[in-house]
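To keep things clear, I will list the structure first and then write my remarks on it.
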Amino acid sequence: MAHLLRGLNQAYRRSLRIPGGPVSRHVYPARAPASIKSVRVIHDSSTNRAAVAAHVSASPQQESTLKTPIVEGSAIKAYSDTVNDFVGVPNIWLRDNCQCSACVHEVTKQRLLDTFQIPRDISITSAVKDSQGVKVAWSDGHKSYYNDDFLAQAALKNNGVIRQGLEKTTLWYSSISDNPPIVQYDAAMNSNEGLKEWLSKIREYGFCYVDGTPPTPEATEQLLERISFIRVTHYGGFYDFTSDLASKDTAYTNIALDAHTDTTYFSDPAGLQAFHLLSHTAGAGGASLLVDGFRAAADLQAQDPQAYELLSRVNVHAHASGNAGISIQPYRGFPVLLHDERDGRLAQVRWNSSDRAGIELPLEVVGSWYEAAAKWHALVSAPEYEYWCQLTPGRVVVFDNWRVMHGRSAFTGKRRICGGYVNRDDFISKFKVLKWGQEGVLKALAVG
Ligand SMILES: C[N+](C)(C)CCCC[C@H](N)C(=O)O
Ligand SMILES: O=C(O)CCC(=O)C(=O)O
């Protein structure tokens with residue numbers, strides 16, 4: 001066995017070009033980011049499991065925890081949570097990120113400054129600290145002002161919080177059925193506060209119902225457009241479908257669909273997906289399935305780190321080839337568990353056995369991927385992970401297609417569902433501007 005593992009290991013590492021030792025992945029960063037406020041154990045009554053949810057309080061470094069920058073002569077220093085000390089802010093970076101109206105277009109927020117006209121030996125001729133920030137005079141004659149909270153984030157690792165629109169994360173099992181996240185249609189439609197609450201719940205739980213939605217395609221489409229425009233694909237834009245194979249995909253049939261994420265065949269899978277069951281007549285079945293992929297990933301990582309690593313490192317290809325003249329594939333393969341290279345967080349689950357194409361491993365070792373994938377499949381198809389729900393007219397489910405898998409039971413009769421996809425970046429954009437305001441988001445651009 002040992003020689004087999006060694007051989008597998010060598011072939012596997014060759015194929016993955018992993019230098020040196022094992023790469024361990026974390027659903028959450030190895031180090032608790034400075035912003036972690038609490039780790040709360042949630043006792044899941046139905047399975048008596050202690051489900052640990054690391055509550056990453058994703059608000060940017062609270063003002064109170066941000067460390068005010070230091071001015072020493074003509075040097076400006078920002079606090080680094082890598083070295084736990086203040087470090088010098090490079091002049092070229094600081095000059096390039098001047099926010100004045102000559103350097104940044106006041107309306108478009110785009111850089112007007114020609115970065116490559118900045119003298120390579122640019123220096124600070126004077127730096128004066130006031131209660132809000134630092135006034136800087138440059139050797140090229142330019143004058144800048146930098147807010148404290150801008151400089152305070154400059155050398156922090158976890159600045160992806162705003163960029164990613166990170167919210168606290170609550171992982172769940174099937175017992176989420178006891179108390180699923182719900183908002184009301186009127187609130188989501190009529191106020192930004194209601195819209196923010198809805199998106200915040202999707203960010204926290206990976207899905208949220210919108211109850212009280214008029215059972216029409218028009219109302220459903222308007223609801224989704226509160227978030228952003230609906231993504232058009234080879235299925236069209238806003239979809240209203242039944243089991244008539246109008247599009248050549250098994251979604252347009254009445255067979256059962258195992259837990260999966262959609263559009264794994266796009267380089268950029270849809271960010272949000274929505275379903276609104278408008279009617280189901282003369283038949284039965286067609287229950288909906290949701291599974292928290294981040295919950296399953298956290299448990300796989302704890303139970304079988306090697307399987308987790310394989311699924312995090314081995315690229316898998318996908319395709320959509322049913323419609324005439326179409327065979328869509330991403331420009332490269334992607335792992336089932338895709339991590340943010342910057343902070344190690346699990347960023348995306350890509351799981352769809354129906355649409356899977358090649359597995360990027362030498363044929364002689366491809367069995368290792370199947371073994372790891374079988375462990376994943378065993379988790380995500382276990383009753384404690386499967387949240388079965390029966391959609392009804394008026395209850396729209398919107399879920400994060402990068403985290404939550406979905407499926408359905410087989411059905412008979414005429415079943416009509418409508419909904420749509422929203423791009424990931426458009427979803428996050430809407431959420432973070434609602435949460436931190438345009439200014440708060442703009443201030444974080446230069447720091448990661
Ligand atoms: C458009 N609508 C949602 C009705 C169907 C899309 C088909 C999804 C495809 N099986 C996939 O897994 O990506
Ligand atoms: O019909 C359903 O309930 C779900 C269909 C589905 O999984 C999909 O469209 O991706």
Side-chain angles (χ1 to χ4, degrees), residues 206-207 209 215 217 220-221 223-224 229-281 283-291 293 316-324 326-330 334 336 348-357 377 380-381 386-424:
F207 78 102
Y209 290 124
T220 309
E221 186 168 11
L223 174 68
L224 295 181
F229 56 88
I230 286 172
R231 176 166 178 172
V232 177
T233 69
H234 54 300
Y235 308 111
F238 182 78
Y239 44 72
D240 184 345
F241 70 103
T242 185
S243 51
D244 60 2
L245 269 177
S247 197
K248 307 305 178 249
D249 183 282
T250 48
Y252 296 78
T253 70
N254 62 1
I255 65 171
L257 300 174
D258 281 353
H260 65 280
T261 60
D262 267 22
T263 62
T264 49
Y265 37 77
F266 289 144
S267 303
D268 170 32
L272 294 180
Q273 180 163 13
F275 292 130
H276 189 183
L277 180 74
L278 296 177
S279 62
H280 186 179
T281 51
S288 297
L289 168 63
L290 296 176
V291 176
V316 176
H317 292 271
H319 78 105
S321 308
N323 288 29
I326 281 181
S327 182
I328 299 168
Q329 292 200 262
F334 289 91
V336 172
Q348 182 187 77
V349 172
R350 265 181 150 152
W351 180 252
N352 191 314
S353 289
S354 308
D355 299 344
R356 177 173 12 97
H377 173 72
V380 303
S381 54
E386 292 191 328
Y387 166 38
W388 285 96
C389 49
Q390 179 52 60
L391 293 179
T392 53
R395 166 166 276 195
V396 179
V397 64
V398 183
F399 55 91
D400 179 345
N401 182 58
W402 281 28
R403 166 181 169 182
V404 171
M405 291 168 278
H406 65 284
R408 73 167 180 229
S409 61
F411 64 90
T412 55
K414 173 92 172 152
R415 179 175 178 268
R416 185 184 168 198
I417 281 205
C418 71
Y421 293 129
V422 171
N423 287 316
R424 170 69 175 201

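Because the structure is predicted, anything quoted here is derived from the model rather than measured. Ligands are counted one by one from 1 in listed order, and the atoms in each one are counted from 1 as well.
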Regarding [atom]: of the candidates [options], which has the closest heavy atom?
| atom | options | result |
| --- | --- | --- |
| atom 7 (C) of ligand 1 | D249, T242, I328 | D249 |
| atom 13 (O) of ligand 1 | I417, N401, T263 | T263 |
| atom 6 (C) of ligand 2 | H406, Q273, M405 | H406 |

- [ ] Using a strict cut-off of 4.0 Å, indicate which atoms of ligand 2 neighbour a heavy atom of I417.
- [x]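 Selected atoms, number and element: 3 (O).
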Please check whether [X] reaches ligand 1 - meaning an N/O of the residue sits under 3.5 Å from an N/O of the ligand, judged on distance alone.
| X | result |
| --- | --- |
| Y239 | no |
| T250 | no |
| Y235 | no |
| Q273 | no |

Task: Contact partition for D355 relative to ligand 1, non-hydrogen atoms under 4.0 Å - done: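 Contact part for D355 vs ligand 1: side chain (C-beta onward).
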- [ ] Report the residue from V396, V397, V398 that forms a side-chain contact (heavy atoms from CB on, under 4.5 Å) with F275.
- [x]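 Only one of V396, V397, V398 forms a side-chain contact (heavy atoms from CB on, under 4.5 Å) with F275, namely V397.
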Open item on the list: Under the ring-ring contact (aromatic ring centres under 6.0 Å, His included) test against Y421, which residue among Y239, F238, F229 passes?
Closed with: Y239
TODO: Could you verify whether a donor N or O on one side chain and an acceptor N or O on the other, from H260 and D262, lie under 3.5 Å apart?
DONE: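 Side chains of H260 and D262: pair found under 3.5 Å.
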- [ ] Give yes if a backbone or side-chain nitrogen or oxygen of S288 is under 3.5 Å from a nitrogen or oxygen of ligand 2, and no if not.
- [x] no
